[in-house]
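Encoded as C-alpha cells, the structure appears first; notes follow it.
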Amino acid sequence: MRASGFCQWIAIAAMSVTSIAATPAPSPAAPDPEAIFANVRQAWSAGAYPRFGSYATIVEFHTETKHLKRTWDTIEDFRHAVVLSRKFSREEVASPPDAPRGINVAVPFFGTLNKVQEVDPVGHVAFAVDQDYGIAPAQRRYTAAVSAADFAAVGRTLPIIGRTGVKARDYDVRLIETLDDEHGREYHLGLTPLRDPAKYRLRELWVDAKTWLPEEAIVSGIGNRPPLTTVPWRIEYRQAEGGTYIARETALGDVDYGAAGMLHWLTVSFEELAPSASGTGLKFAFGISDDKPQTDP
C-alpha cells in the first residue's frame, strides 16, 4: 500500500532531525600563536619591579669525580639593568686558600696541609635575575659593574624608558600544543628567530593562559661566551611581588670545558631574592671585581 502524504512528511522530518543530530559541532578555532606571544610580552612589560634587589646566584655541577657548588652574592639595579656580583664566592670566603698557589704539603701525622683548591671551570658569574631572553617587547642591555662605586654611579644617570618606531617581528611563532592540568590551561609555543639567532635565543615557551605570564622556556645558550652559549637551557620563571624573575636555569646537555673536563647537570639558581626600593641593606663589601665574570648577553 502506498504511504499517505502525511506519513511521508513525518518520515522526511525524522530523517532530517537524525541527520542534524549526527552532524558534529564545528571545532573551536585554534588560538593565534602570534597573539599569544604578544599577550606574553604585554604581561611582562606590565610587571612591577623595585629599584634594587639582592639575591644569591648559585652555580652547581658534577664532574666525573665530584659535585661542586659556588654561591655568588649579587645585587641588581633593575631600573638601569646593572648587575654587581661579589668577586669571591661564599665558599671561597668561608674557606680561603692557605697560599696563593695552593701547593699540597704532606706532614707526618697531620695529613695534607695547604690543600689545592678545587678547580671551578665556570668561575665568577654576574647574572641578572630578571633576564627575559627576548620576552620583553623592548630589549634590555645588561651591564656588569666592577665595583660598588661604579654600581652607585650608574644610578645617577637617566634610564632609557622607551623608544619610538615600528618594531619588526623577532620570531616566527607557532602553537605546539595546548595543555590542561590542575592549574588550568597552558600554551606551549615554538619560536624560530627571524634574524640574529645568537641574540634572539628563545626557542620554546610555556605560557599560563589566564595571566599570559611565562612559566618555562627553552633558550639557545645563556651568558656571553662559550661554552655556556653552546648548549640549550631550560629556564624556570617565578612570580614575586608583581614581577617575573628566573628561579632556575638548567643545561639540557653536558657542558664541555675542554681541558677542565665535562660538566654534568649544570644549573644556575637564584635564591634569597630581596627587593628594595631604596637600596638599604644591599651594601656588601664587594671590593673591586678586576676579573671578567660571565655576564648576560
Side-chain angles (χ1 to χ4, degrees), residues 31 35-58 72-85 126-145 151-152 154-163 167 170 179 181-189 191 201-202 204-219 222 233-250 268-284 296-297:
I36 294 174
F37 188 54
N39 288 338
V40 175
R41 286 187 146 178
Q42 183 176 2
W44 184 287
S45 63
Y49 294 89
R51 171 66 189 277
F52 301 101
S54 66
Y55 48 93
T57 306
I58 303 172
W72 308 94
D73 286 317
T74 313
I75 58 177
E76 182 177 350
D77 181 336
F78 295 118
R79 183 181 300 175
H80 296 86
V82 179
V83 179
L84 176 60
S85 173
F127 287 147
V129 70
D130 65 333
Q131 170 65 255
D132 63 273
Y133 289 108
I135 296 177
Q139 184 185 14
R140 288 167 63 83
R141 300 292 299 179
Y142 291 89
T143 303
F151 182 85
V154 174
R156 292 190 288 270
T157 64
L158 294 176
I160 298 175
I161 59 175
R163 295 181 177 87
K167 182 174 177 59
D170 299 325
L179 306 170
D181 56 22
E182 65 274 13
H183 302 294
R185 175 153 294 186
E186 180 183 83
Y187 295 123
H188 179 192
L189 303 178
L191 301 100
R201 299 186 180 185
L202 276 176
E204 295 182 51
L205 189 63
W206 285 261
V207 180
D208 186 300
K210 290 183 179 179
T211 64
W212 301 115
L213 291 171
E215 296 180 346
E216 292 187 13
I218 302 294
V219 300
I222 68 169
W233 292 71
R234 178 179 294 276
I235 312 299
E236 300 171 56
Y237 290 99
R238 66 178 175 185
Q239 305 301 313
E241 300 185 20
T244 304
Y245 302 92
I246 296 176
R248 182 182 296 103
E249 303 176 319
T250 304
V268 180
S269 303
F270 298 87
E271 300 182 6
E272 304 173 24
L273 177 63
S276 173
S278 62
T280 302
L282 301 184
K283 299 183 183 298
F284 301 114
D296 283 296

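Computed from a predicted structure; not experimentally measured. Quick note: residue numbers are just sequence positions, from 1.
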Distance (rounded to the nearest 0.5 Å) between [X] [atom1] and [Y] [atom2]:
{"X": "Ile135", "Y": "Ile235", "atom1": "CD1", "atom2": "CD1", "value": "9.5 Å"}
{"X": "Leu84", "Y": "Ser54", "atom1": "CG", "atom2": "OG", "value": "11.5 Å"}
{"X": "Arg201", "Y": "Leu191", "atom1": "CZ", "atom2": "CG", "value": "15.0 Å"}
{"X": "Ile75", "Y": "Tyr55", "atom1": "CD1", "atom2": "OH", "value": "9.0 Å"}

Within-4.5 Å side-chain heavy-atom neighbours: [X] and [Y]:
{"X": "Phe37", "Y": "Leu189", "result": "yes"}
{"X": "Val268", "Y": "Arg248", "result": "no"}
{"X": "Leu213", "Y": "Val207", "result": "no"}
{"X": "Val40", "Y": "Leu205", "result": "yes"}
{"X": "Phe151", "Y": "Phe52", "result": "yes"}
{"X": "Asp208", "Y": "Tyr187", "result": "no"}
{"X": "Pro50", "Y": "Ser276", "result": "no"}

Report task. Go through the steps to decide whether Gln239 and Thr244 satisfy the test side-chain hydrogen bond (donor to acceptor under 3.5 Å, both in side chains), and finish with yes or no. Result -> CA-CA 5 Å; Gln239 305 301 313; Thr244 304; 3.0 Å; yes

**Report entry** From Phe270, Trp44, Tyr133, residue fulfilling ring-ring contact (aromatic ring centres under 6.0 Å, His included) relative to Tyr237
**Finding:**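 Going through the options one by one, the only one that passes is Trp44.
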
Has the side chain of [X] got a donor or acceptor atom that lies under 3.5 Å from a matching backbone atom of [Y]?
{"X": "Asp77", "Y": "Ala81", "value": "no"}
{"X": "Asn39", "Y": "Gln42", "value": "no"}
{"X": "Glu204", "Y": "His188", "value": "no"}

Report task. Look at Asp170 together with Arg41 and state whether they make a salt bridge at an N to O cut-off of under 4.0 Å. Result ->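 Answer for the salt bridge query: yes.
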
Query raised in the report: Any Lys/Arg nitrogen of Glu216 or Arg234 sitting under 4.0 Å from an Asp/Glu carboxylate oxygen of the other?
Result: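 Yes.
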
Report task. Could you give me the CA-CA distance, side-chain angles and deciding distance for Ile58 and Trp72, then say whether side-chain contact (heavy atoms from CB on, under 4.5 Å) is met? Result -> CA-CA 6 Å; Ile58 303 172; Trp72 308 94; over 6 Å; no

Report task. Would you check, one step at a time, whether the test side-chain hydrogen bond (donor to acceptor under 3.5 Å, both in side chains) holds for Tyr245 with Gln131? Result -> CA-CA 7 Å; Tyr245 302 92; Gln131 170 65 255; over 6 Å; no

Query raised in the report: Do Glu76 and Asp130 pass the side-chain contact (heavy atoms from CB on, under 4.5 Å) test, and can you show the C-alpha distance, the side-chain angles, and the key distance before you say yes or no?
Result: CA-CA 9 Å; Glu76 182 177 350; Asp130 65 333; 2.6 Å; yes

Query raised in the report: What pair of heavy atoms forms the shortest contact from Thr211 to Ala43, and how long is it?
Result: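 It is O-CB, 3.7 Å.
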
Requested in this report: List the atom of Ala128, the atom of Ile246, and the distance in Å for their closest heavy-atom pair.
Outcome: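 Residues Ala128 and Ile246, closest heavy atoms: O-CD1, 4.3 Å.
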
Query raised in the report: Are Arg185 and Lys210 close enough, and set up right, to give a side-chain contact (heavy atoms from CB on, under 4.5 Å), and what steps lead you there?
Result: CA-CA 7 Å; Arg185 175 153 294 186; Lys210 290 183 179 179; over 6 Å; no

Report task. Evaluate side-chain contact (heavy atoms from CB on, under 4.5 Å) for Leu273 paired with Val129, printing each intermediate quantity in order. Result -> CA-CA 9 Å; Leu273 177 63; Val129 70; 4.3 Å; yes

Report task. Return the orientation label for the Tyr49 and Phe78 ring planes: parallel under 30°, perpendicular over 60°, tilted otherwise. Result ->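 Aromatic pair Tyr49/Phe78 classed tilted.
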
